[in-house]
Undergrad: 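Before anything else, here's the structure in question.
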Amino acid sequence: MSASYETGLSMDGNDFSYRPVPPLAVMSLITSILGISSLLTEFALPLSMVGCVLSMLCLRTFTRNPNEFSGRPLPIIGLAVSSLCLMGGSVLHAYTYATELPEGFRRVNFTADISKKGFVETEGKPDFHGDVRELDGQQVFIKGFMYPEGKVDGIRKFLLVRDSGTCCFGGQPALNDMIHVVMKEGAADATYSQAMVAVGGVFKLGDLRRAGSLTPAYEIEATHFGVAKKRY
């Protein structure tokens, strides 16, 4: 990237002097502006970190060469914006993650705590994994995607699947990748969403002998439903 230049008259008023703006100054400002998106998504937080580093490196260049460059306000602004976005974004996302969990519920990761556990054999018969069996009867908070069944509003029952590929393209979910969700009497209706949703309720084990196709082995009697605030 070529440097930008600032012109000015010399002491005698006849000659122009040039002081370049370091490319790093421009990069630090652009990165800090892009880093504002870290207030919306935690995945953009690294941009704010990079913005802080670039700004500090550029300010060091100005310190070492105080009379050779112009544009010092650029990295100062960049450092301020990046620092605010990094700190503010981190606090905001941490707070959202901590407060999205309903009181008395256990956070369960669909992939790690259920899908990857799979099933085992007990005396030659298929059985639930011990870790999954421990969830039976507990109030869990889990995230996934709604399997499309044609209804949009007033949903009382639906299939929660692990990934958006199965959900959005109508593929056949694996037995350990789907949960039957039934909204408990008195709980608000669910509304179909293509985004990740969060469900809270009592986790129950079904009958493995009858499970298969679109008949899940797991069920949740749900009291909480909504679009997930975080993807993890």
Side-chain angles (χ1 to χ4, degrees), residues 1-11 15-102 107-113 115-116 141-146 161-169 191-199 225-232:
M1 181 186 295
S2 60
S4 302
Y5 290 90
E6 185 178 86
T7 62
L9 291 173
S10 63
M11 294 295 291
D15 300 323
F16 283 95
S17 60
Y18 298 90
R19 290 195 301 158
V21 175
L24 200 57
V26 179
M27 291 174 59
S28 65
L29 183 61
I30 292 176
T31 304
S32 69
I33 293 174
L34 294 175
I36 294 176
S37 59
S38 62
L39 296 175
L40 300 176
T41 172
E42 62 274 19
F43 299 109
L45 285 173
L47 279 175
S48 294
M49 295 178 63
V50 172
C52 288
V53 173
L54 292 179
S55 298
M56 289 188 289
L57 289 175
C58 187
L59 287 172
R60 187 173 65 175
T61 298
F62 278 104
T63 300
R64 291 180 174 179
N65 307 278
N67 300 315
E68 295 184 19
F69 299 103
S70 62
R72 187 183 182 88
L74 297 182
I76 294 177
I77 295 173
L79 181 59
V81 173
S82 293
S83 298
L84 287 173
C85 289
L86 181 59
M87 292 184 292
S90 299
V91 171
L92 175 63
H93 298 307
Y95 175 79
T96 302
Y97 178 77
T99 56
E100 70 171 352
L101 182 66
R107 191 187 299 274
V108 172
N109 182 281
F110 205 146
T111 299
D113 298 327
S115 293
K116 286 188 175 180
F141 182 73
I142 190 170
K143 299 174 184 178
F145 296 87
M146 300 178 76
V161 295
R162 179 178 62 88
D163 61 77
S164 57
T166 300
C167 155
C168 299
F169 297 102
T191 300
Y192 177 74
S193 174
Q194 290 186 341
M196 176 178 276
V197 298
V199 175
F225 171 86
V227 175
K229 297 179 181 179
K230 296 297 171 189
R231 291 186 62 87
Y232 46 84

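As the structure is a computational prediction, the values presented were derived from the model and not from experiment. In this chain, numbering begins with 1 at the start of the sequence shown.
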Undergrad: E42: what forms a salt bridge (charged side-chain N to carboxylate O under 4.0 Å, His left out) with it, not counting sequence neighbours?
TA: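 Salt bridge (charged side-chain N to carboxylate O under 4.0 Å, His left out) list for E42, sorted by chain: K230.
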Undergrad: So which heavy atom on L34 is nearest to which on L47, and how close?
TA: O-CD1, 3.9 Å
Undergrad: If you look only at distance, which donor and acceptor atoms sit under 3.5 Å apart when one is on a side chain in residues 72-85 and the other is two or more places apart or in another chain?
TA:
| from | atom 1 | to | atom 2 | distance (Å) |
| --- | --- | --- | --- | --- |
| S82 | OG | G78 | O | 3.0 |
| S83 | OG | L79 | O | 2.7 |

Undergrad: For Y95, enumerate each residue passing the ring-ring contact (aromatic ring centres under 6.0 Å, His included) test, keeping only those at least two apart in sequence or located in another chain.
TA: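 ring-ring contact (aromatic ring centres under 6.0 Å, His included) check on Y95 returns nothing, list empty.
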Undergrad: For a quick test of reading the model, state the closest non-hydrogen atom pair linking F145 to D163 and the distance between them.
TA: CD1-C, 3.5 Å
Undergrad: Do you know which two heavy atoms are closest between F110 and G144, and how far apart they sit?
TA: CD1-CA, 4.4 Å
Undergrad: To the nearest 0.5 angstrom, please state how far the CG atom of L45 sits from the CE atom of M49.
TA: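 Between atom CG of L45 and atom CE of M49 there are 8.5 Å.
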Undergrad: With a 3.5 Å distance limit and no angle check, can you tell me whether S70 reaches the backbone of R19 through a side-chain donor-acceptor pair?
TA: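 Yes: the side chain of S70 pairs with the backbone of R19.
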Undergrad: Among all residues two or more places apart in sequence or in another chain, which pass the side chain to side chain donor-acceptor pair (under 3.5 Å) test with S32?
TA: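 S32 satisfies side chain to side chain donor-acceptor pair (under 3.5 Å) with no other residue.
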Undergrad: Counting C-beta onward and ignoring hydrogens, is there a side-chain heavy-atom pair between P22 and F62 closer than 4.5 Å?
TA: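 The answer is yes, as the side chains (C-beta and beyond) meet within the 4.5 Å cut-off.
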Undergrad: For L39 and L92, which heavy atoms make the closest approach, and how far apart are they?
TA: O-CD2, 3.3 Å
Undergrad: Nearest 0.5 Å please: distance from the OG1 atom of T96 over to the CG atom of L101.
TA: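 These two atoms lie 13.0 Å from each other.
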Undergrad: As an exercise, state the distance from SG of C58 to CZ of F69, rounded to the nearest 0.5 Å.
TA: 8.5 Å
Undergrad: For the residue pair T111 and K116, establish whether any side-chain heavy-atom pair is separated by less than 4.5 Å.
TA: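 Sidechains of K116 and T111: in contact.
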Undergrad: In Å and rounded to the nearest 0.5 Å, what is the CD to CZ distance from E100 to R107?
TA: 4.5 Å
Undergrad: Tell me whether the rings of Y97 and Y232 are parallel (<30°), tilted (30 to 60°) or perpendicular (>60°).
TA: tilted
Undergrad: Is a side-chain N or O of H93 found less than 3.5 angstrom from the main chain of S38, in a donor-acceptor match?
TA: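 Yes, because the side chain of H93 sits within donor-acceptor range (under 3.5 Å) of the backbone of S38.
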Undergrad: Which heavy atom of P20 sits nearest to which heavy atom of E68, and what is that distance?
TA: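 Scanning both residues completely, I find the closest heavy atoms to be CD-O, 3.2 Å.
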Undergrad: Run the side chain to side chain donor-acceptor pair (under 3.5 Å) test against K229 and tell me which residues pass, sequence neighbours left out.
TA: none
Undergrad: Given 3.5 Å as the limit, does a donor-acceptor pair link the side chain of S28 with the main chain of G51, or not?
TA: no
Undergrad: Among all residues two or more places apart in sequence or in another chain, which pass the salt bridge (charged side-chain N to carboxylate O under 4.0 Å, His left out) test with R60?
TA: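 Residues passing salt bridge (charged side-chain N to carboxylate O under 4.0 Å, His left out) with R60: none at all.
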Undergrad: Indicate the atoms forming the closest heavy-atom contact of F141 with A198, along with that distance.
TA: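 The answer is CZ-CB, 3.5 Å.
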Undergrad: State, with a plain yes or no, whether a side-chain heavy atom of L86 is found less than 4.5 Å away from one of S90.
TA: yes
Undergrad: To the nearest 0.5 Å, how far apart are NZ in K143 and CE in M196?
TA: 7.5 Å
Undergrad: Quick one: does any side-chain atom of T41 pair with a main-chain N or O of S37 as donor and acceptor, under 3.5 Å?
TA: no
